[in-house]
A.B. asks: 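Take a look at the following structure, please.
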Amino acid sequence: MLGNLVVQKFGGTSVGSLDRIEKVAKRVASTLRAGKKVVVVSSAMAGETDSLIDLAKGIMEFPPEREMDMLLATGEQKAISLLAMAITKRGYPAISLCGWQVPIVTDRVHTKARIERIGIQRIRNLLEEGYVPVVAGFQGITDEWEITTLGRGGSDTTAVALASALAADCEIYTDVTGVFTADPRIVPSARKLEMISYEEMLELSSLGAKVMQIRSVEFAAKHGVRIHVRSSFEEEEGTWIVPEEEVMEKVVVRGITLDTKESRITVVRVPDRPGIAAKLFKPLGEAHIVVDMIVQNVSHDGYTDMSFTVSRNDAPKAEEIVRKTAKVIGAKEVIRDDRVAKVSIVGLGMRSSYGTAAKMFEILSKNGINIMAISTSEIRISCLIDEKYGELAVRELHEAFIEEGEEIKVENHGEGKGKEGS
Ligand code: ASP
Ligand code: MG
């Protein structure tokens, strides 16, 4: 009965003006004409959420989070009503629904709530009666009838969760044509990926590729929702985010990212004793500061240098906290460097090939780029470098790993059959 159902989510730029809302309605109509049933999810019109936040900040710097949710939820409410009108005008009666009217039930964590369950009966009924449900992204309701929001970019999560609950396909319409091997503004030859696995997408998103909210990809991975990310403005196929087994092209490196939103903090001449790292990092954790890369140098005469990175927004606060600790533990000084960039290569194929890290380091060194810190996961290698070489590094790595990189032909389990054995 609900076969052929698709959830189509439209981001802020896709509904950024009346003209664009009409275009979205046109697209929805053409999907309906093709015989599919559609549930629409919409973000607020572009810039709306930001300006609502500005309004609140005009009253007070840290408004109560409950009131923020009350305010921010209006952005999506405005968009869905306009969109429902535009779809209805095209001859397909549409009904807009706020989160509470679905209902999309969340926990009580205001401004970053998580979806706990979705009641799908109302949407089912609407579909059966021939209506197009147009659901507000980003918002939900608690069991206590409080309005919540799901964190910035949360409409993606609404769409994925709805697709999962309705066993529907999920299309995310946005202002780019898909997920690219690198940022095309930095690497003009970057190409759109046909497919990418959840895990790779998660790594890319946490490294700053702003295609989808991280939580939505986590949700999709957990529930096996296949996502098609594509452009609202162009017809072409986008990128499918799918389970690992479904990704056809087996490459070592799927994508390359540049993150210029971190800062490095170095604590010079820390006494090298058990417990010192704990003393340094505990107050940062207590201040909710996430530490990313950590490097501890070899100890000389009982002292060592310790460097780590934090998000640039957190850097001033982190520096202040670390200065206090440094005094207590008798470190010599604390240096903060904002001019750093993290360049990363990501790919599932790294699990089954070797020499990848060596190749990355070699490319950086050939270009005279010094590595200040390294961190890795099973499918990612990140190097911290001087910010001024960031774009160069991405281009060089893209050329070597993606333009000249071959497909992995054999699954290598340590028998020396990797394509780039060194
Ligand atoms: N409107 C919200 C935001 O700007 C949610 C979203 O767009 O997904 O973050
Ligand atoms: Mg978005």
Side-chain angles (χ1 to χ4, degrees), residues 7-18 20-21 23-24 39-57 63 65-84 96-102 104 106-107 109-115 118 133-141 147-164 170-176 179 201-202 204-206 208-220 225 227-233 238 241 261 311 313:
V7 172
Q8 296 189 322
K9 180 259 169 178
F10 298 90
T13 37
S14 309
V15 294
S17 65
L18 287 187
R20 288 189 169 172
I21 287 178
K23 289 213 174 87
V24 165
V39 174
V40 177
V41 173
S42 181
S43 295
M45 294 171 77
E48 181 82 16
T49 308
D50 287 337
S51 50
L52 290 170
I53 291 173
D54 286 346
L55 280 178
K57 301 257 173 200
E65 289 179 331
R66 179 196 181 274
E67 301 311 326
M68 279 314 278
D69 280 351
M70 197 62 126
L71 179 66
L72 296 190
T74 64
E76 270 69 15
Q77 179 167 346
K78 175 171 156 189
I80 54 169
S81 54
L82 293 170
L83 194 48
S96 60
L97 298 171
C98 284
W100 64 269
Q101 292 172 301
V102 174
I104 294 171
T106 73
D107 63 20
V109 185
H110 282 292
T111 76
K112 30 185 169 319
R114 280 182 191 266
I115 297 177
I118 296 183
V134 182
V135 178
F138 179 55
Q139 53 175 266
I141 186 95
I147 289 173
T148 49
T149 63
L150 309 178
R152 297 307 306 267
S155 298
D156 292 333
T157 302
T158 307
V160 172
L162 266 175
S164 169
C170 185
E171 293 183 335
I172 302 284
Y173 286 88
T174 179
D175 51 1
V176 291
V179 182
M201 192 65 227
L202 278 173
L204 292 180
S205 307
S206 33
K210 288 268 170 309
V211 188
M212 286 191 70
Q213 196 202 31
I214 293 179
R215 273 194 186 176
S216 70
V217 183
E218 283 168 357
F219 196 103
V225 181
I227 300 172
H228 187 186
V229 180
R230 56 194 308 190
S231 162
S232 304
F233 312 116
I241 308 175
K261 296 206 166 57
S311 115
N313 290 333

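Both ligands and their constituent atoms are indexed starting at 1 by order of listing. Numbers for residues simply follow the sequence, beginning at 1.
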A.B. asks: Is there a heavy atom in Gly75 that sits closer than 4.0 Å to ligand 1?
C.D. replies: no
A.B. asks: Purely on distance, is any nitrogen or oxygen of Ser155 under 3.5 Å from one on ligand 1?
C.D. replies: yes
A.B. asks: Within ligand 1, which atoms have a heavy atom of Glu76 less than 4.0 Å away?
C.D. replies: 1 (N), 2 (C), 5 (C)
A.B. asks: Can you find an N or O of Ser43 that's nearer than 3.5 Å to an N or O of ligand 1?
C.D. replies: yes
A.B. asks: Going by atom types only, do Thr149 and Asp69 share a side-chain donor-acceptor pair under 3.5 Å?
C.D. replies: yes
A.B. asks: Salt bridge between Asp50 and Lys57, side-chain N to carboxylate O under 4.0 Å?
C.D. replies: no
A.B. asks: Could I get the full list of ring-ring contact (aromatic ring centres under 6.0 Å, His included) partners for Phe138, not counting sequence neighbours?
C.D. replies: none
A.B. asks: Does some side-chain heavy atom of Arg20 sit less than 4.5 Å from a side-chain heavy atom of Val15?
C.D. replies: no
A.B. asks: Check whether Ser206 reaches the backbone of Leu202 with its side chain - one donor and one acceptor, N or O, closer than 3.5 Å.
C.D. replies: yes
A.B. asks: Which ligand 1 atoms does Gly153 reach within 4.0 Å, using its non-hydrogen atoms?
C.D. replies: 3 (C), 5 (C), 6 (C), 8 (O), 9 (O)
A.B. asks: With heavy atoms only and a cut-off of under 4.0 Å, state how Glu48 meets ligand 1: side chain, backbone, both or neither.
C.D. replies: neither
A.B. asks: Would you mind running through ligand 1 and noting each atom that sits below 4.0 Å from a heavy atom of Arg152?
C.D. replies: 3 (C), 4 (O), 9 (O)
A.B. asks: Does even one non-hydrogen atom of Gly154 get within less than 4.0 Å of ligand 1?
C.D. replies: yes
A.B. asks: Any side-chain heavy-atom pair from Leu82 and Met45 closer than 4.5 angstrom?
C.D. replies: yes
